[in-house]
Amino acid sequence: MLSKPNVKEIMPKVGNRYQSVLAIAKRARKIEANRLEKYNVNKDKIKEGKEDYSEYSFDAVDRAAKEITNGEVYIKIDGKYAVTPEAELEKEIREAQEANKE
């Protein structure tokens, strides 16, 4: 169950509730695939006790929700960002300020 951040906190980053849930699910699948890949590569070290298993024990859905909320991941819908990434937004602001100076 997703409690913090919840879907209502993610909606401004994505657009609406339906797209928020889809974005979380899609990102969680990628996180889980990466985790399984890393685990399979390092499972011998984990069994021998040379590597900590806690790195591989987390909830992918919670991690995906936090990444989206914190702006670490941006969502594209039909090839366009749902919310313009901050770097792009800052670039647009600087260009507009320079245009106003001229």
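We count residues from 1, following the sequence as given. Below, each value reflects all heavy atoms present in this structure, side chains not excepted, and no hydrogens, waters or symmetry copies.
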Legend entry - Nearest-0.5 Å distance that lies between atom CD in Gln97 and atom CZ in Arg94: 9.0 Å
Listing, residues 26-33 side-chain donor-acceptor contacts under 3.5 Å, not counting sequence neighbours, or none:
{"unit_1": "Arg27", "atom_1": "NE", "unit_2": "Glu67", "atom_2": "OE1", "d": "2.6"}
{"unit_1": "Arg27", "atom_1": "NH2", "unit_2": "Glu67", "atom_2": "OE1", "d": "2.9"}
{"unit_1": "Glu32", "atom_1": "OE1", "unit_2": "Arg35", "atom_2": "NE", "d": "3.3"}
{"unit_1": "Glu32", "atom_1": "OE1", "unit_2": "Arg35", "atom_2": "NH2", "d": "2.2"}
{"unit_1": "Glu32", "atom_1": "OE2", "unit_2": "Arg35", "atom_2": "NH2", "d": "2.9"}

Legend entry - Nearest heavy-atom neighbours spanning Thr69 and Ile10: OG1-CG1, 3.3 Å
Inset, instruction - Scan for side chain to side chain donor-acceptor pair (under 3.5 Å) pairs involving residues 14-23, sequence neighbours excluded, and state none if there are none. - result: none
Legend entry - Rounded distance [0.5 Å steps], CD1 in Ile75 versus CD1 in Ile68: 4.0 Å
Inset, instruction - Output all residues satisfying side-chain contact (heavy atoms from CB on, under 4.5 Å) with Asp78, sequence neighbours left out; order by chain, then residue number. - result: none
